[in-house]
**Q** 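If you scroll down you'll find the structure; I have some questions about it.
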Amino acid sequence: MNMKSFMKKVDIEKLKGTDFQKKVWRVLLQIPKGEIITYKELAIKIGRPRAARAVGNAVGANPFPIKIPCHRVICSDGKIGGYSGKGGVKTKRALLKKEGVIML
DNA sequence: CGCCGAAGCTGCC
DNA sequence: GGCAGCTTCGGCG
């Protein structure tokens, strides 16, 4: 297998950020297309089930909000949390819809 | 069901 | 050292 095909995204490890952030971004990139996750689930995945808020900050602090499926992360209520990126929550909803994720 | 306040975690000034 | 933030939970009406 070609390693090049594997690195279709950006190397988070190469980016500047804390261990916590890198972990969060890594999980985001491991999320399959059309799949979403809550901040809480994400926090639990990285080992900080009580750091849902911190996770939100890390996700929104990523250097490439376009290459990072930050829009795949939603509230535990199944609603869109927020979006510090361009367009705001509006863009987030649009991206989710494009991905095939329909919100009720 | 909707609103309010408090809690636990990180990153930055 | 302290504040604010893409949240979460519990209690109350």
Side-chain angles (χ1 to χ4, degrees):
Chain A
M1 338 172 174
N2 292 338
M3 223 192 253
K4 293 194 274 191
S5 303
F6 230 78
M7 296 165 57
K8 50 195 196 176
K9 296 277 187 203
V10 184
D11 266 290
I12 351 177
E13 305 249 348
K14 193 174 157 184
L15 297 172
K16 186 173 86 32
T18 66
D19 185 51
F20 185 78
Q21 274 222 325
K22 286 198 246 174
K23 221 166 188 162
V24 175
W25 303 339
R26 184 66 66 117
V27 177
L28 289 176
L29 294 167
Q30 74 147 23
I31 298 175
K33 184 187 158 209
E35 193 72 43
I36 57 176
I37 181 170
T38 65
Y39 291 103
K40 202 176 159 183
E41 291 283 305
L42 203 61
I44 293 166
K45 267 187 180 245
I46 63 176
R48 292 265 138 22
R50 303 283 161 221
R53 232 202 229 146
V55 170
N57 278 329
V59 173
N62 84 66
F64 293 107
I66 319 301
K67 293 192 149 124
I68 309 264
C70 50
H71 51 269
R72 283 189 195 150
V73 189
I74 59 169
C75 276
S76 64
D77 295 44
K79 294 170 173 56
I80 309 290
Y83 194 73
S84 298
K86 180 192 157 182
V89 191
K90 211 177 146 148
T91 304
K92 191 168 176 172
R93 264 194 296 182
L95 285 162
L96 282 168
K97 206 196 269 184
K98 277 174 189 258
E99 293 274 308
V101 180
I102 304 162
M103 299 170 290
L104 297 173

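Keep in mind it's a predicted model, so treat the numbers as computed, not measured. Note on naming: letters A, B, ... go to the chains in the order of the sequence lines (proteins, then strands), and numbering restarts at 1 for each one.
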**Q** Calculate, to the nearest 0.5 Å, the distance between atoms CD1 and CD belonging to I36(A) and E41(A) respectively.
**A**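 Rounded to the nearest 0.5 Å, the CD1-CD separation comes to 11.0 Å.
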
**Q** Quick check: closest heavy atoms across T91(A) and Y83(A), and the distance to 0.1 Å?
**A** CB-CE2, 4.2 Å

**Q** Without decimals, in angstroms, what is the distance between R50(A) CZ and dT8(C) P?
**A** 11 Å

**Q** Between R53(A) and Q21(A), just flag the one whose closest nucleotide in DNA chain B comes earlier from the 5' side.
**A**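 That would be R53(A).
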
**Q** Can you list the steps and then say if V24(A) with V73(A) is a side-chain contact (heavy atoms from CB on, under 4.5 Å)?
**A** CA-CA 11 Å; V24(A) 175; V73(A) 189; over 6 Å; no

**Q** Measure from CD1 on I80(A) to P on dT7(C) and round the result to the nearest Å.
**A** 11 Å

**Q** Find the distance between NZ (K45(A)) and CG (L28(A)) and round it off to the nearest 0.5 Å.
**A**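 Rounded to the nearest 0.5 Å, the NZ-CG separation comes to 10.5 Å.
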
**Q** Roughly, in whole Å, what's the span from CG in D77(A) to P in dT8(C)?
**A**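 The distance from CG of D77(A) to P of dT8(C) comes to 7 Å, rounded to the nearest Å.
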
**Q** Take atom NZ of K79(A) and atom C1' of dT8(C), then tell me their distance rounded to the nearest Å.
**A** 14 Å

**Q** Starting at CG of N57(A) and ending at P of dG8(B), how long is that distance when rounded to a whole Å?
**A** 17 Å

**Q** Among dG8(B), dT10(B), dT7(C), which is the nearest nucleotide to the side chain of F20(A)?
**A**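 That would be dT10(B).
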
**Q** Are K40(A) and dC9(C) close enough that a side-chain N or O sits under 4.0 Å from OP1 or OP2?
**A**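 So the side chain of K40(A) is within the cut-off, an N or O lying under 4.0 Å from OP1 or OP2 of dC9(C).
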
**Q** Checking base pairs now: Watson-Crick or wobble, both atom distances under 3.5 Å. What partners dG8(B)?
**A** none

**Q** Between atom CG in L42(A) and atom P in dG8(B), what is the gap in whole Å?
**A**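 Result: 21 Å.
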
**Q** For the pair made of CD in E41(A) and P in dT7(C), what is the distance, rounded to whole Å?
**A** 16 Å

**Q** Check whether any side-chain heavy atom of H71(A) sits under 4.5 Å from a side-chain heavy atom of E99(A), and report yes or no.
**A**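 Yes. Closest side-chain heavy atoms under 4.5 Å.
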
**Q** Using a heavy-atom cut-off of under 4.0 Å over every strand shown, decide if A51(A) touches base, sugar-phosphate, or nothing.
**A** sugar-phosphate

**Q** Rounded to whole Å, please give me the gap between CG in D19(A) and P in dT10(B).
**A** 10 Å

**Q** Would you say S76(A) places a side-chain N or O within less than 4.0 Å of OP1 or OP2 belonging to dC9(C)?
**A** yes

